Amino acid sequence: MKHLISILVIFFMSNTSASMALVPSSFEAQFFNFSQLQKDQTFTILSTDVDPKLQKLCGETDYPIECLTSTIPFLDENVAINPMSILKVEIDAIDSKTKEALDKAFELSVNPPPSRLLLSCLETCIDNYNSILESKQKILNAISLGDADQVSMELSFNMENVFACEDTFKEAEIELPITELNSLLVKIITKSITISVGMINF
């Protein structure tokens, strides 16, 4: 991929000091801000060679930073930047991150052998991750048919599957060992629903 991306996120929390990451001065950077952010937070993204259309599209979602970082790895020169093509890219991102979470859950289930309760929780997550993977083709088929309701329903089912994984750990009062992956999955699915419902006329 010809795009070489450098993203700097400067995150200010209220009553906390700023956390900064530096990039080499040789980068020709463009700064832009997203408006749909919590009032007590300021995000500034430093990017190079990011298509303005993608910046604008991601800026209209609830998670603009994750939108960029989950979308860019799946883009190439042949992908048009429009809501429909980005939705399909997001479906790929959901699939990729779900496989990553599935691999992690399986690894935790066998190495080292967990307690019976932890194993049961992990097996629930594995089942739910597999359900998400199985939904990919259903979503793509629904997109091809212009069935907005089916797309939204399948994505909502995916969200419920992630929450079901989290809930089983909460009920068992065990800390979820794959919290970050689950959180990212929720954000990617949320962005996909936002794009499919609010940006595309099927």
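Source: prediction; values computed, not measured.
- Among Ile132, Leu185, Ile189, the single residue meeting the side chain to side chain contact (heavy atoms under 4.5 Å, CB included) criterion with Met159 is Ile189.
- In this structure, Lys191 and Cys58 have side chains that are not in contact, with every pair of non-hydrogen atoms separated by 4.5 Å or more.
- Residues Cys165 and Tyr129 form a side-chain contact, since some pair of their non-hydrogen atoms from C-beta on lies under 4.5 Å apart.
- Contact detail for Ile81 and Lys53: the closest heavy-atom pair is CG2-CB, 3.5 Å.
- Evaluation of the salt bridge (Lys or Arg N to Asp or Glu O under 4.0 Å) rule for Asp127 yields no partner, not counting sequence neighbours.
- More than 12 heavy-atom neighbours from other residues, nucleotides or ligands sit within 6.0 angstrom of NZ on Lys136.
- Closest approach of Ser70 and Cys67 over heavy atoms only: OG-O, 3.5 Å.
- Using a 4.5 Å heavy-atom cutoff, the side chains of Leu75 and Leu54 are in contact.
- In this structure, Thr61 and Thr194 approach most closely via the heavy-atom pair CA-CG2, 4.3 Å.
- Taking both residues in full, the closest heavy atoms of Phe169 and Leu118 are given as CE2-CD1, 3.5 Å, listed atom of the first, atom of the second, then distance.
- Asn128 pairs with exactly one of Asp167, Asn161, Val162, Asn182 by the side chain to side chain contact (heavy atoms under 4.5 Å, CB included) rule, that one being Asn161.
- Ile188 approaches Ala93 most closely through the heavy-atom pair CG2-CB, 4.1 Å.
- No donor-acceptor pair under 3.5 Å is formed between the side chain of Thr168 and the backbone N or O of Ala164.
- Using a distance-only test at 3.5 Å, with no hydrogens or angles considered, a donor-acceptor pair links the side chain of Gln55 to the main chain of Val50.
- The two atoms that bring Leu87 and Ser196 nearest to each other are CD2-CB, 3.9 Å, heavy atoms only.
- Judged as a salt bridge (Lys or Arg N to Asp or Glu O under 4.0 Å), the pairs with a partner in residues 96-119 (not counting sequence neighbours) are, in order, Asp95-Lys99, Lys97-Glu100.
- Remark: the backbone N or O of Ser152 is paired with a side-chain donor or acceptor of Ser156 at under 3.5 angstrom.
- Remark: the Glu154 side chain and the Asn158 side chain contain no N/O donor-acceptor pair separated by less than 3.5 Å.
- With Thr71 contributing its side chain and Leu68 its backbone, the two residues share no donor-acceptor pair below 3.5 Å.
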